[in-house]
Amino acid sequence: MLELVRSMIEFLPAVEGKSPTFSQISIRIVRDEEMSQLHEKYSNVAGTTDVLTFVQGDTASGIEVDLALCADEAKRRCAEFGHSVENELALYAVHGLLHAIGFDDQDEVQARRMHAEEDRILTSLGLGAVYAPRGGERS
């Protein structure tokens, strides 16, 4: 997973004309119970979610980010969309990195832009369109 994340960084879009740099990326793969606790504690939302992104700061040497990826959610979603758990977790990782550099998915226009970037990056890495495989749409 770490090598894949390193490769993702190369394909991240420029922000304000500059390629994003990271000084530290930490990734934890957690189960529903821990993700639910993190989701409640940091977002005040009950229940699990796919990924949480914690940006610790943007220092002179780059962005420090912690990602929590939910293995249980990945298992549910990959079965629904017909790809591997690893590909689903890769989607969560790129989603978190995009959040760290300023992307958001709070409205329909932003979400479409963000998900198109996810699929562009994952396709560039040889995984294909994981968010919207075979033209499908997620809910």
Side-chain angles (χ1 to χ4, degrees):
M1 176 63 78
L2 291 176
E3 281 304 315
L4 186 59
V5 170
R6 282 190 189 112
S7 298
M8 286 175 187
I9 293 168
E10 296 175 34
F11 293 100
L12 289 174
V15 178
E16 297 176 5
K18 291 175 30 182
S19 293
T21 58
F22 294 86
S23 59
Q24 180 178 323
I25 299 172
S26 300
I27 300 172
R28 287 189 334 185
I29 299 176
V30 300
R31 306 296 302 258
D32 278 334
E33 183 178 339
E34 185 175 356
M35 183 60 91
S36 293
Q37 291 169 355
L38 292 168
H39 203 199
E40 176 81 34
K41 181 176 181 178
Y42 294 103
S43 300
N44 292 322
V45 177
T48 194
T49 190
D50 50 5
V51 58
L52 289 173
T53 304
F54 304 96
V55 177
Q56 305 302 319
D58 190 352
T59 66
S61 60
I63 301 165
E64 294 181 15
V65 63
D66 294 323
L67 302 176
L69 314 179
C70 186
D72 293 326
E73 183 65 12
K75 287 178 189 173
R76 288 187 290 271
R77 299 299 275 185
C78 75
E80 180 180 350
F81 286 98
H83 52 252
S84 70
V85 171
E86 292 80 8
N87 284 10
E88 189 70 12
L89 288 170
L91 171 64
Y92 300 169
V94 76
H95 186 86
L97 292 174
L98 287 169
H99 271 306
I101 64 170
F103 276 70
D104 209 342
D105 55 355
Q106 294 302 307
D107 66 42
E108 188 176 327
V109 171
Q110 290 176 331
R112 269 199 309 269
R113 179 175 173 245
M114 187 171 193
H115 298 315
E117 279 298 316
E118 292 163 357
D119 280 343
R120 179 191 65 78
I121 292 165
L122 294 173
T123 297
S124 296
L125 294 170
L127 301 180
V130 178
Y131 180 79
R134 297 178 297 284
E137 204 43 52
R138 289 181 182 235
S139 55

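Keep in mind that what you see is a predicted model, and the values were worked out from it rather than measured. We're numbering straight along the sequence, starting at 1.
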Consider only side-chain heavy atoms of I, L, V, M, F, W and Y, link residues closer than 4.5 Å, and tell whether Tyr92 and Leu38 are in one cluster. no
Measure across Gly47 and His39 and return the closest heavy-atom pair with its distance rounded to 0.1 Å. O-ND1, 2.7 Å
Cation-pi check for Phe103 against Arg113: NZ or CZ below 6.0 Å from the six-membered ring centre and within 45 degrees of the axis, yes or no? yes
Report whether Val65 and Leu52 are members of the same hydrophobic cluster (ILVMFWY, side-chain heavy atoms less than 4.5 Å apart, transitive linking). no
Is there a side-chain contact (heavy atoms from CB on, under 4.5 Å) between Asp104 and His99 once you walk through the steps? CA-CA 6 Å; Asp104 209 342; His99 271 306; 3.8 Å; yes
Mind listing the closest non-hydrogen atom pair of Val130 and Asp119 along with its distance? N-OD1, 3.0 Å
Considering all heavy atoms of both residues, which atom of His83 and which atom of Cys78 are nearest to each other, and what is their separation? O-CB, 3.0 Å
Nearest non-hydrogen partners of Glu73 and Thr49, listed with the distance: CB-O, 4.2 Å
Let me check something: do Val55 and Leu67 share a hydrophobic cluster, defined by ILVMFWY side-chain heavy atoms less than 4.5 Å apart, either directly or through other members? yes
Okay, side chain of Asp66, backbone of Ile27: is any donor-acceptor separation there less than 3.5 Å? no
Hey, are the side chains of Ile25 and Ile9 touching, using non-hydrogen atoms and a 4.5 Å cut-off? yes
Is there a side-chain contact between Tyr42 and Thr53, using heavy atoms and a 4.5 Å cut-off? no
Atom OG1 of Thr21 and atom CD1 of Ile63: how far apart are they, to the nearest 0.5 Å? 6.5 Å
Just one of His95, Arg112, Gln110 clears the side-chain hydrogen bond (donor to acceptor under 3.5 Å, both in side chains) bar with Asp105, so which one? His95
Find out if a path of hydrophobic residues (ILVMFWY) with successive side-chain heavy-atom gaps under 4.5 Å connects Leu69 to Phe22. yes
Can you tell me how far the CD1 atom of Ile29 sits from the CE atom of Met1, to the nearest 0.5 Å? 5.0 Å
Leu98 CG to Glu117 CD distance, which is reported to the nearest 0.5 Å: 6.5 Å
If hydrophobic clusters are built from ILVMFWY residues whose side chains come within less than 4.5 Å, do Phe54 and Leu97 share one? no
Look up atom OG1 in Thr123 and atom OH in Tyr131, then write down how far apart they are to the nearest 0.5 Å. 14.5 Å
Between Asp32 and Cys70, is there a side-chain heavy-atom distance shorter than 4.5 Å? yes
Is there side-chain contact between Leu127 and Ser84, with heavy atoms separated by less than 4.5 Å? no
Kindly indicate whether the side chain of Val94, heavy atoms from C-beta on, has any atom under 4.5 Å from the side chain of Leu125. no
Taking the side chain as C-beta and beyond, is there a heavy-atom pair between Arg76 and Glu80 under 4.5 Å? no
Taking the side chain as everything from C-beta on, heavy atoms only, tell me whether Leu122 gets closer than 4.5 Å to Met8. yes
List the steps and the verdict of salt bridge (charged side-chain N to carboxylate O under 4.0 Å, His left out) for Arg31 and Glu34. CA-CA 6 Å; Arg31 306 296 302 258; Glu34 185 175 356; over 6 Å; no
Return the minimal non-hydrogen interatomic distance between Val85 and Lys75, and the atom names on each side. CG2-CG, 4.0 Å
For the student: nearest non-hydrogen atoms of Val109 and Asp107, plus distance: N-OD1, 3.1 Å
Phe81 vs Leu91 side-chain heavy atoms within contact, under 4.5 Å: no
